[in-house]
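Computation of the quantities below employed the complete heavy-atom set of this structure, encompassing side-chain atoms and omitting hydrogens, waters and symmetry-equivalent molecules.
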Amino acid sequence: MAMATAARGTRRRLRVRGLTGPLARRRGPGRRSLLLGAALALLAAGAVGGPPAEAADGAPLWFDGVVATEISADGTRFTDGHGREVVLRGFNVSGETKLEENGGLPFASTADARTSAAALRSLTGGNAVRFLLSWAHAESEPGKVDTAYLDRATEQIKALLDAGLRVFPDFHQDLFSRHLFHKDSWYTGDGAPRWAVEAGGYPVESCGICVLWGQNITQNQAVKNATRDFWHNRVLTVTTGTGAGAPTRSVPVQDAFLDTAQRTMAHLAGRLTADQFAGIVGFNPYNEPYAGEYTTGQNSRTWERDMLVPFYERFRARMDLAGWRDKPLFAEPNMFWNANLDLARQEGGLLDAGVLGKRYVFNTHFYDQKAISGVFMWGKAKDGQYSGDFGTVRDRASALNTPAIVSEFGHPLSGYTSDKAPTVDKAMYQALDTRLPGAAWWTTPARSGPVLSATQWQWDIYSGRHREAMNGNAGKVLTAGDAWNDEDLSAVALDSSGRAVLRQDARLLDRLYPGAVAGRTLAFSYEDRSRDGDTALTWNSIPDTMPSTARLVGGGRYGVLVWRSGSEGAGAAPTQLHLPSGFAPSSTTVVSDLGTVTGLPDYTARGRAADHPIASAVEPGTTDARRLLLSAPAAADGAGAVHYALVADGSAAPTAELRVAAQRELAAWVAGAGFPASP
């Protein structure tokens, strides 16, 4: 009797509005056998006679919570506690930490942190942030960690975690320290505290004839000397009191930084709950490392091997002591390793580090120096512009057997090269999604490669509203852009009413992406149709050999995910994609081997058995951002099974017949694409 009731319930749940495909089309005894099998699966899962179907829209779902939030490095990918492959997407929060106006913190208050986090989730669907910290403020006096500063930082991090964002803190530095620069300088830096600079006795900073801020890295002798001293752990004589005859002591500068970093990490671990700490992904020890100056016989590669990697090993040991043993270290190579200007590129990429494994992440930045220069690249970025650059990132991560993340990328939003931003940023997001240009994606999708995690530079709600006295100069108060060396890269700002708004095309920043995949991604591409002025940028057109699919998509945005199921099989947590604004559940179309539907039902389930294989739900920590949930039924999800899903924004209104025709085309395309059916 109970089994018959369960079978009737299963049959009822398969009649989703608009659902077509193998499960819905089955007839006769075979279909009855499938339903009976599903009923037995429900019994085995304890769903029959158990709790009612979970409520839709915002109620806790069985696969959410700490198990989904906490991720780890697993070979070349991030995975959550369900074994799903996780992609991190978001922003750096924020360059405000480089400034003094808010005491070296991203936000003036915890309330602003909450506002910023809610806006980031709502406007972009981001699920991660790189949270900048300041050594200068954490240890303003030698050997004394400022716990009040760390308390404020912790509260701001909590606000981000509560909004459903994962966080990896970053001890940020640029040009070693702002205290190297005099008050009338054209430039400034951030990072090390004043006492470390004063004890170093560095020359008066001067970049000579420097048109670009970055030239200080290789031309400013004060910056070069201080940076070199850090890597060589120079012993500084620091004054520990005030007035004439104040006592002094010897302080190895790198040791001092490591001590402060360990105490910072211990402070965070001790003041976050276990559930909150689960949202801390790892730690980025040092922003954009470079040698400063090479010693005799040293080059960029040997510097990485002999100086940088040992530093990461020392930092890794401090993470373990601070309670971060299960969190990976986000290791950046020499910042010049992937420069796209030949004159700036240096050999590197942790070539001699061996296999780093799960306790590390390959963490790199990428900016198009050619485009930013305005000299070395004329015109706009094009389809596949950065396929090779980001393919190199994938290759290095694979060699190191670590996940990869591009933790900074972007392009200026004002200035004489800002007209390139719409195409440069689109091309970078394209290269993060796939290693193929759009022109080649449909013909060779098996070469698409893993989807890269990334955090764009930057997310600063104070953009254009700063009050920063540059280098402490009250006569040079900066308000425009980032208030930092004439930079202007924040994707967000506050409007006249104090509401957070995007400064870039929402179609570019609020993206469809696979946040969690039940198995392994084989190919992914998203055509955002973002704009360069009035021109819609379409770089991935559906081929003429798939006319029904092209008609179904029309001129709207769409994405395609192909994935191979993992070993979890039945009862696995669903595959999850962020749905951008405009992909309204009522009009979004999904065409998949799991079925087809226009109009997504709310996700409900009995136990771990989803009522609908294709559904949507609110993103955790938000009220309006939504996600697509794809749950492969047991009969369709043997280990190694290949699945696909095309997701269209509803610009067209396809009939059920057109969906079925597109499903046939996509099934044939997947079958002939050469995707492996097993690892």
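- In the model, Gln254 has no side-chain atom that pairs as donor or acceptor with a side-chain atom of His232 under 3.5 Å.
- Electrostatic pairing of Asp395 and Arg435 counts as a salt bridge here, judged by a charged N lying under 4.0 Å from a carboxylate O.
- No more than 12 heavy atoms of other residues, nucleotides or ligands sit less than 6.0 Å from atom CG of Asp486.
- Comment: Asp184 does not engage Lys476 in a salt bridge, judged by the lack of any side-chain N to carboxylate O separation of less than 4.0 angstrom.
- With respect to Trp231, the ring-ring contact (aromatic ring centres under 6.0 Å, His included) criterion is satisfied by exactly one of Tyr312, Tyr286, Phe257: Tyr286.
- The CH2 atom of Trp135 sits 11.5 Å away from atom OG1 of Thr264, with the distance rounded to the nearest 0.5 Å.
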Show me, pair by pair, the donor-acceptor contacts under 3.5 angstrom made by side chains of residues 353-360, not counting sequence neighbours?
{"from": "Arg359", "atom 1": "NH1", "to": "Arg325", "atom 2": "O", "distance (Å)": "3.3"}
{"from": "Arg359", "atom 1": "NH2", "to": "Asp320", "atom 2": "OD1", "distance (Å)": "3.1"}
{"from": "Arg359", "atom 1": "NH2", "to": "Asp320", "atom 2": "OD2", "distance (Å)": "2.6"}

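- A salt bridge links Asp229 to Arg234: one of the charged nitrogens lies within less than 4.0 Å of a carboxylate oxygen.
- Other residues, nucleotides and ligands contribute only 12 or fewer heavy atoms inside 6.0 Å of the CZ atom of Arg447.
- A cation-pi contact, defined as under 6.0 Å to the ring centre and within 45° of the axis, is absent between Lys224 and Tyr290.
- For the side chain to side chain contact (heavy atoms under 4.5 Å, CB included) criterion with Asp425, the lone passing option out of Leu509, Leu508, Asp368 is Leu508.
- The distance from atom CG of Asn363 to atom CG of Asn284, rounded to the nearest 0.5 Å, is 4.5 Å.
- Listed for the Asp146 side chain is a donor-acceptor partner under 3.5 Å among the backbone atoms of Tyr149.
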